[in-house]
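First listed ligand is number 1; within each ligand, the first listed atom is number 1. Numbers for residues simply follow the sequence, beginning at 1. What you are looking at is a predicted structure, and each value in this text was computed from that prediction instead of being measured. Only heavy atoms go into these numbers, but all of them, side chains included; no hydrogens, no water, no symmetry mates.
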Amino acid sequence: MDRLDGPPRLILVADLDCTLVDHDDPENTHLLRFNALWEAHYRHDSLLVYSTGRSMLSYLNLGKKKPLLTPDIAITSVGSEIAYCGELVVFDDVWVARLSEMWNRDIVVEETSKFPQLEPQPERSQEQHKVSFYVEREHAVEIMKVLPGILMERGVDVKMVYSNDYAFDVLPGKSGKGGGLTYLLEKLENEGKQSSNILVCGDSGNDAELFNISQAYGVMVSNSHKELLQWHEENAKDNPNIILASERCAAGIIEALQRFNLGPSFSPRDVLDAEHFQEEVLDPAHEVVQFYLFYEKWRSGEVDKSDKYLQNLKSLSSPLGIFVHPSGVEKPIHEWIDDLKTLHGEGKEKQFHIWLDRVLFSHISSDTWIVKFDKHELSEGKVRSCSTRVLLSCQEEKQKLAWMHIHQSWLAGFCSDDQETWIF
Ligand code: GLC
Ligand code: MG
């Protein structure tokens with residue numbers, strides 16, 4: 001969050017399971033479309049916030065299976081924890097202290113144990129400020145009528161959240177996805193980083209509170225659970241700033257960006273012209289995203305094995321430009337481009353995908369940018385990742401950016417045994 005000096009252009013708050021992440025799509029088509037859109041057009045001046053019922057550990061495990069971008073802020077365990085995800089992950093202790101007021105986990109466990117219908121969720125889903133169960137809806141409704149009073153008599157103020165027809169969370173009264181986000185927005189405001197553009201995105205019961213944030217736009221993705229739709233019908237149906245998308249999951253989020261006019265809504269994945277992808281305005285983030293999308297198409301054999309594409313790539317980079325491979329080998333960028341010939345179509349049938357994460361750029365002189373990002377490459381279910389730096393220089397006469405230098409190093413834990421098939 002410190003990287004922004006002033007108000008973010010957009011604060012996008014997304015639930016993960018069945019909202020950003022589509023568990024029914026093994027290709028992650030829309031998530032990858034979202035990733036390219038976010039990194040090309042939003043990352044540098046906007047905030048990405050995840051709001052999930054998962055614990056931090058469980059969210060990180062999801063990130064090992066799905067191509068999730070690094071958020072700026074993760075609100076986990078249904079609002080019970082807030083973490084700022086810069087170079088280091090820093091938990092918000094002030095929020096934890098606030099949640100501890102009028103909360104006593106032992107008393108919650110003791111009183112809930114008197115309801116035999118409540119089946120405790122596994123230990124890994126229990127947190128200091130979240131006691132979770134499985135229960136059928138009809139029992140949940142009955143328990144929600146009496147449990148808050150019982151606990152209040154013992155000095156414990158709780159909020160109860162029921163989701164997906166099975167999950168029942170007992171949380172501190174101030175918590176929940178709405179409580180966590182309200183706290184975060186106040187904190188941002190105190191730091192001069194409030195934004196008039198906030199978009200919240202969800203699909204199920206524990207997301208309902210997000211749509212109660214008065215200044216936010218909201219999208220319920222098309223695959224939303226009926227409990228959220230019912231909540232909307234009863235509580236927010238006259239609010240024009242909350243919509244039901246016609247598209248699923250991440251595609252529904254992209255749809256909302258367009259419908260509320262919150263910024264670019266064409267993913268570079270949808271509009272890439274492999275031959276002329278650099279004819280945009282000078283935009284370092286867009287430039288690197290497009291370069292790697294072309295590279296993915298080349299490796300996947302989705303563009304012809306034609307020299308014109310390689311010539312185009314060469315025209316983007318300086319003949320003197322050097323690429324330092326993560327193995328340490330360095331050669332002119334143009335020679336590496338020649339090496340690409342042998343890899344055309346190599347990723348076909350391997351579900352070969354590339355996504356960039358944390359694309360940030362800064363001027364190092366009036367006509368030179370340094371762009372930093374993590375590049376992730378998926379092939380046959382295995383991910384390899386490199387920290388990448390690219391030096392781009394503006395060629396004034398051409399109104400183009402030239403790639404002057406590329407340097408990569410393996411991210412911790414991702415060193416590749418097969419370094420031959422890693423180029424760029
Ligand atoms: C996630 C959590 C679970 C919680 C549910 C609903 O699935 O893992 O503990 O009950 O979200 O909030
Ligand atoms: Mg969900």
side-chain hydrogen bond (donor to acceptor under 3.5 Å, both in side chains) pairs touching residues 257-266, sequence neighbours excluded, are E255-R259
Residue pairs meeting side-chain hydrogen bond (donor to acceptor under 3.5 Å, both in side chains), one or both in residues 153-169, sequence neighbours left out, come to E110-R154, E111-R154, S132-D169, R137-D165, K159-E209, D165-K226
Using a 4.0 Å cutoff against the non-hydrogen atoms of [X], which atoms of ligand 1 qualify?
X: A167; value: 5 (C), 6 (C), 10 (O)
X: V78; value: 12 (O)
X: S125; value: 9 (O)

Below 3.5 angstrom, do we get any N/O pair linking K130 and ligand 1?
yes
Between N206 and ligand 1, is there a nitrogen or oxygen pair with a distance under 3.5 Å?
yes
Measure the acute angle between the ring planes of Y295 and F352, then classify it against the limits of 30° and 60° as parallel, tilted or perpendicular.
perpendicular
Give me the residue, atom name and distance of the protein heavy atom closest to [atom].
atom: atom 3 (C) of ligand 1; value: Q121 OE1, 3.3 Å
atom: atom 2 (C) of ligand 1; value: G53 O, 3.2 Å
atom: atom 6 (C) of ligand 1; value: D169 OD2, 3.3 Å

Please list, chain by chain and in numerical order, all residues satisfying side chain to side chain contact (heavy atoms under 4.5 Å, CB included) with E302, sequence neighbours excluded.
K297, S300
Is the closest side-chain donor-acceptor distance between [X] and [Y] under 3.5 Å?
X: D15; Y: S51; value: no
X: D203; Y: H225; value: no
X: T388; Y: Q408; value: yes

When the ring centroid of F211 is compared with that of H232, is the distance short of 6.0 Å?
no
Step through it carefully: locate the ring centre of W355, locate the ring centre of Y292, and say whether they are under 6.0 Å apart.
no
Of the options L188, I75, V94, which is the one that meets Y183 in a side-chain contact (heavy atoms from CB on, under 4.5 Å)?
V94
If we ignore hydrogens and angles and just use 3.5 Å, is the side chain of W422 paired with the main-chain N or O of C386 as donor and acceptor?
no
Has V161 got any heavy atom lying under 4.0 angstrom from an atom of ligand 1?
no
Distance below 2.8 Å from the Mg ion (ligand 2): protein N/O/S atoms:
D15 OD2, D17 O, D203 OD1
Is atom 11 (O) of ligand 1 close to the protein, meaning a heavy atom under 4.0 Å from it?
yes
